[in-house]
There are 2 protein chains.
Amino acid sequence: MVVEASGRGQAMTGVGRRSENRTAGDGPIGAAAGTAADRAYDALRSAIVEGELAPGAPLTEVEQAARLGVSRTPVREAFARLVAAGLATERGPRTLVVSDIDADDVAALFDLRRALDEQAARLAAARVLAERTAAPGLAPTTISAAATAADEAPTAAAFRAIAERFATVTPAVLQGDDPQRHGYYALVAEFDAALDAALSTSPYLAAAIASTRVHLARVRRLARDDDARLADSAAEHGAIARAISDGDGERAAAATRLHLHEALTSIHRHLPRPGAARRAADRRPEETS
Amino acid sequence: MVVEASGRGQAMTGVGRRSENRTAGDGPIGAAAGTAADRAYDALRSAIVEGELAPGAPLTEVEQAARLGVSRTPVREAFARLVAAGLATERGPRTLVVSDIDADDVAALFDLRRALDEQAARLAAARVLAERTAAPGLAPTTISAAATAADEAPTAAAFRAIAERFATVTPAVLQGDDPQRHGYYALVAEFDAALDAALSTSPYLAAAIASTRVHLARVRRLARDDDARLADSAAEHGAIARAISDGDGERAAAATRLHLHEALTSIHRHLPRPGAARRAADRRPEETS
DNA sequence: CATGCTCTCAATGTATACATTGAAACCGTC
DNA sequence: GACGGTTTCAATGTATACATTGAGAGCATG
């Protein structure tokens, strides 16, 4: 069954197994983690995303085991997770390499993002509506149910607050080199977290979305956005958040679609190959030079 | 970052690593496979899908190693894949159990399916259009380019043929107990394969879709469809295939949405808990008898 | 000099031995 | 008799040793 999926562009997984159970205060850097397999996976993932391990670089168990100071067994498990996450690809029967990522991959990744993020926006807005009808006249004075109230309708409030903070991101603010950008990306991360929270009843969708974020981090590194694009992106995010907080699913989906279109366009503008090179090479026109 | 995804309903992955490289003729049954890890994974996945390993059953390395006749190492890798596929869940720090699947899970799974399958239908239809414009007056007499021609516009033809075969599936045909049902499911599998082929340029989406099919197989076992539903489902599949072969993306997406809605409704009708039990339990209305 | 074969080797695949850890049973004490 | 501590044990986590296999270098031969 199931035609093999072309070659690259592996899987859509994530939901870190036992990762990021950082105890918030291990060492100077966040180097230590739970098990050795977790450390190995985190280190390798980070290295791939940061570009230290270039696309196409071979991943051998012995070498990485030596580099990370663990035995082959945890490295083996880490490799398996990398393959599941799509960050590594099996080339040949016994060769594992860092997955390549080019313009075609980005386009393919966005084919998936469109589907996932639009649905997520719709569902988040629907949740806002559901919360609204569930607790119509909830006064903040209900003392004994205060915690319950905070749990009851957080979605709208969270997205409203995030939308307002996105509104403060202007090109002028982004002038300061890295710290502000980090702040912006942190804000995006908060948005993602709010979305995850809103998708608590759709864990499959949430997991699929989470799995795309690793690849997006790689893409982000590949095509550094300029300040203007970042400001636009912030505005687009704000529009999405506002639509969700209003419970307007269609507007949220449309804003998401717009944002993804702009993001993809911007990325392709900054990337080497514009795309669609393979089909042109496959065909065999008789007049090719 | 990234809020942990609720608990159950893990990941969306798949793209079998090196599985199903069956050499088409190993033994009497298709029991033998490539590596021991592949065999272990296939065996465990099959056991879980078939219900031999019930939801909640603990998965211990030693026990499964003994049962499958391999050592712990391949079993370990198989477990990792099961977790990545969402068929197993880590309960506690050192306990792996077969993932549970109930009505809520099915609803959550369909939240993902809606997103993925609609996008897939749209993209497949778009591919049909692209092929049509790429080779407008392609005559079947171009001998030297015959193979190329067969590769050039297969999408429309494939879906057209599948649609016609779906049209032959009637309630009367489905009377014969299992063989006919198998035939129907084989037809669905062909549809899936055609879809995968059409999604060759969107491998991320294709992989995500593939990862949902395992769970759908479990659901199928849970809620056996009656003949009437199967016939309806065949008609719905046929409508989707026809829309794709016509290159009508919106119609294909709408037909997909309809099919998924009907399928989910039918499943919930056959499943123990209708769903949405958690929220009702969380809330504390004062007048709940 | 080109070509095919063999042979070595390095890497994975597998098995097993050792370390670690969490839980449950058991026992002693209050 | 209940409770707390201790101890045992079974399971995973890790390391390493052995088996297997594919690729490449090297060599012999046409």
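Just so we're on the same page: letters track the sequence lines, and every chain starts at 1.
For Val214(B), the side-chain contact (heavy atoms from CB on, under 4.5 Å) criterion is met by Arg45(B), Val49(B), Leu87(B), not counting sequence neighbours. Annotation: side-chain contact (heavy atoms from CB on, under 4.5 Å) contacts of Glu52(B) (sequence neighbours excluded): Ala47(B), Glu50(B). Ala108(B) is linked by a side-chain contact (heavy atoms from CB on, under 4.5 Å) to Pro203(A), Tyr204(A), counting only residues two or more places apart in sequence or in another chain.
dT12(C) atom C1' lies 17 Å from atom CD of Glu77(A), rounded to whole Å. If you measure from atom CZ of Arg91(A) to atom P of dA23(D), you get 14 Å, rounded to the nearest angstrom. Put simply, CZ on Arg76(B) is 7 Å from P on dT14(D), counting in whole angstrom units.
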Taking protein heavy atoms under 4.0 Å as touching, what does nucleotides 15-20 of chain D look like 5' to 3' if B marks base contact, S marks sugar-phosphate-only contact and - marks none?
BBB--B

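The minimum heavy-atom distance between Glu77(A) and Ala37(A), with the atom names listed, is CD-CB, 4.1 Å.
Ion pairing between a basic and an acidic side chain is recognised when a charged N comes within 4.0 Å of a carboxylate O; Asp38(A) and Arg81(A) show such pairing.
Annotation: proximity of residues 56-64 of chain A to DNA chain C (heavy atom, distance under 4.0 Å) is found for Leu59(A), Thr60(A), Glu61(A), Val62(A), numbered in ascending order.
The structure places OG1 of Thr60(B) at 10.0 Å from CZ of Arg67(B), a figure rounded to the nearest 0.5 Å.
Sequence neighbours left out, the pairs with a member in residues 185-195 of chain A that pass salt bridge (Lys or Arg N to Asp or Glu O under 4.0 Å) are Arg165(A)-Glu190(A), Asp192(A)-Arg213(A).
By the 6.0 Å contact criterion, CZ on Arg91(A) is open, its count of non-hydrogen atoms from other residues, nucleotides or ligands being 12 or less.
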